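Keep in mind that this is a model prediction, so the values were computed, not measured. First the proteins, then the strands, lettered A, B, ... as listed; each starts at 1.
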Amino acid sequence: MQTILEVKNLTKHYKQHTAVNELSFHVNQGDVYGFLGQNGAGKSTTIRMLLSLIQPTSGEIYIFGNDLNTHRNEILQNIGAIIERPDLYKYLSAYDNLSIFAKISNMKADRKKIMEELDRVGLADRYNSKVNTFSQGMKQRLGIAVALIHNPSLIILDEPTNGLDPQGIADMRKLILSLSYEMNKTVMVSSHLLSEIELIANRMIVIDKGKKIVEGSVRELLDPSKTSLQIDTTDNDLAFVTLQNTNWTGSLVRKADRIELQISKSDIPLLVKHLTESNIGIHALQPRHSLEAYFLSLTNPENHVEPVAN
Amino acid sequence: MWSLLQIELFKISKRPRTYLSFAAITAIVLIFQLAFKADGKSYMDLMLQNVQDNFELNKENAINGYFMCYIILNTLLVQIPILVALIAGDAISGEANMGTLRLMLTKPISRSQIILSKFIASFIYTILLLVWMAVMALFLSILIFGMDDMLIFRVKGEESQILQILKDDVIWRYFAAFGYAAIALTVIAALALLLSVFAENSIGPIITTVCIVIIFTIVSNLNVPVIDKNVKPWLFTSYLVGWKGFFYIGTNTEGQPIPGSIENWPAIRNSLFILIAHIFLLLGITIAVFRKKDILS
């Protein structure tokens, strides 16, 4: 598999603050690569460095095999991006916006091509409307058209579902998948929602405080055998003692209001049966992937969980 | 680069504020013309009250198109920097505020090209403002008031002077003056563009540019020897009104005006050189700063 994007020991300091810390990862051709981290983890700073909006303090970025420092324009010719919001010229029409960015991208886009792009994102009938009359979802779709107008092979989307309603989120998800599977694009998409990444990405990285926590295929990282289970029973003390005498003692922890343990998803019915046969009633049972449990612990330090091994 | 410049000009042409400047110039010039048409004689009486006895003049003809344009330029060229700052001060900061700057910079164009295209677009806008001023203040005034010899009232040192320029010797001076004004106003555009790079909304750079121009102009007009010698030469505002030099006609040893001459061409040339140096310096700093700037907007 050809590596499209490779980041080596990327670091960005802002005075005393380190936004990105020795970050390394790679994206392969054809990947939908999830870039996951809570707000402030360093996702946007990293993406801005990939697009040469921010100068790294140190580290190297290679895209399409070329150094971003020395081949900036050549590389950007082949990248389409939306960073945070799809901000466009509000006082211009959808057609004018697309026409401007096509020209800036060295693309000789005639009227037919621009109308085709607008049609693809469902805005052909609003081609002459000013962007300040558009909804957030329409702006997002126009932003996608701007990102794709020059037919780039790598698409970078920073939190593309932010501010969208549920239908908009579903449409965006569909679009990202079609970019990969129908148009053979490589897509890097950042999010603070594991559930989003899980639905669209084949490979992913989790970062926290600018550092890599884990990187790999989504299937492996969200392996059901690494399920973390939270149980609240009629008698948690008795349930804890009962479970200590079973095979499911790995990571068995007694918390104030629940019990937590690591278990294979397929073993959960057996565990329920075992507790029921021990006359212990179950109030609540919440399975989570280990990665999800860890990721949630980042946003709530009280539920601290150790990171998953790569 | 040409394509980028076209885009910049297209964006400027689509913004309503662009036309506010032209409307403002039109309104001010028309007010001047109406006022002088209604009661220009009183103004001329006031200006000539001390010299009427020894200076033979036809007051009716003294208020002509050339004279009107000079009076208007004297007033308006102080305000025009504000109009130039409105566009140049918004060039980068306005895009940062809208969020389009980061989108633009993810495209395969260099940051230097972006600054140069925005600078050239601001320059063209400045030229268009001056062309409109020429149309309104010079050609419309000629249409309304006609053409005749031109009088210039001037204070030189302790002495008040009235210079008379023959009507056939005036028009080239206006072309030269407008050319000079274009360069002087481009310094303002370059300053506003530099300040625009540091800001993420356009109000800051526009107001800062205007404040700098006002403060420097006040200092440039202070008649204190120590400031004359040590400060004024370093302020670009000291050279903004250098266009007037084209109307200070040279005289022979008998004090008679020499048609086609300028009293102090070396001073005008030096002023032009200093203004052009300012443009290059400010533009160079703008490019250097922008190339290193982290885009966080």
### Message
Is it the case that atom OH in A:Y91 sees more than 12 heavy atoms from other parts of the structure closer than 6.0 Å?
### Response
yes
### Query
Hey, is the main chain of A:Q55 close enough, under 3.5 Å, to the side chain of B:D294 for a donor-acceptor pair?
yes
### Task
Could you check which of A:S105, A:S99, A:G80 has the highest count of heavy-atom pairs closer than 4.5 Å to chain B?
A:S105
### Query
Would you say A:V146 and B:L103 make side-chain contact, with heavy atoms under 4.5 Å?
yes
### Query
For atom NZ of A:K209, is the number of surrounding heavy atoms from other residues, nucleotides or ligands below 6.0 Å larger than 12?
no
### Message
Which atoms of B:K293 are under 4.5 Å from chain A, going by heavy atoms: the side chain, the backbone, both sets, or neither?
### Response
backbone
### Message
Among A:L92, A:L53, A:N106, A:L76, which residue has the highest count of heavy-atom pairs closer than 4.5 Å to chain B?
### Response
A:L53
### Query
Between B:I109 and chain A, which part of the residue has a heavy atom less than 4.5 Å away: side chain, backbone, both or neither?
both
### Summary
A:Q77 and B:P108 have their tightest heavy-atom pair at OE1-CG, 3.3 Å
### Query
Taking C-beta and beyond as the side chain, do A:Y89 and B:K14 meet within less than 4.5 Å on heavy atoms?
no
## Note on the structure
Highest number of heavy-atom pairs under 4.5 Å with chain A among B:K11, B:R111, B:E95 belongs to B:K11
### Summary
Heaviest contributor of heavy-atom pairs below 4.5 Å to chain B, chosen from A:I79, A:I75, A:I156, A:I104, is A:I104
### Message
Would you say CZ of B:F280 has more than 12 non-hydrogen atoms from neighbouring residues, nucleotides or ligands within 6.0 angstrom?
### Response
no
### Query
For atom NZ of A:K90, is the number of surrounding heavy atoms from other residues, nucleotides or ligands below 6.0 Å larger than 12?
yes
#### Entry: Test item: B:T106 and A:I83 side chains (from C-beta on) under 4.5 Å apart, heavy atoms
yes
### Query
Does the side chain of A:I54 reach to within under 4.5 Å of the side chain of B:I295, using non-hydrogen atoms?
no
## Note on the structure
Among residues 130-137 of chain A, those lying within the under-4.5 Å heavy-atom range of chain B are none
### Task
Measure the spacing between CH2 of B:W2 and NZ of A:K103 and express it to the nearest 0.5 Å.
10.5 Å
### Task
For chain A, find which of B:M104, B:Q113, B:K292 contributes the most heavy-atom pairs closer than 4.5 angstrom.
B:M104
### Query
Is any side-chain heavy atom of A:L88 closer than 4.5 Å to a side-chain heavy atom of B:M98?
no
### Task
Calculate, to the nearest 0.5 Å, the distance between atoms OH and CG belonging to A:Y14 and B:L296 respectively.
4.5 Å
### Query
So which residues of residues 41-52 of chain A are in contact with chain B at a heavy-atom cut-off of under 4.5 Å?
A:R48, A:L51, A:S52
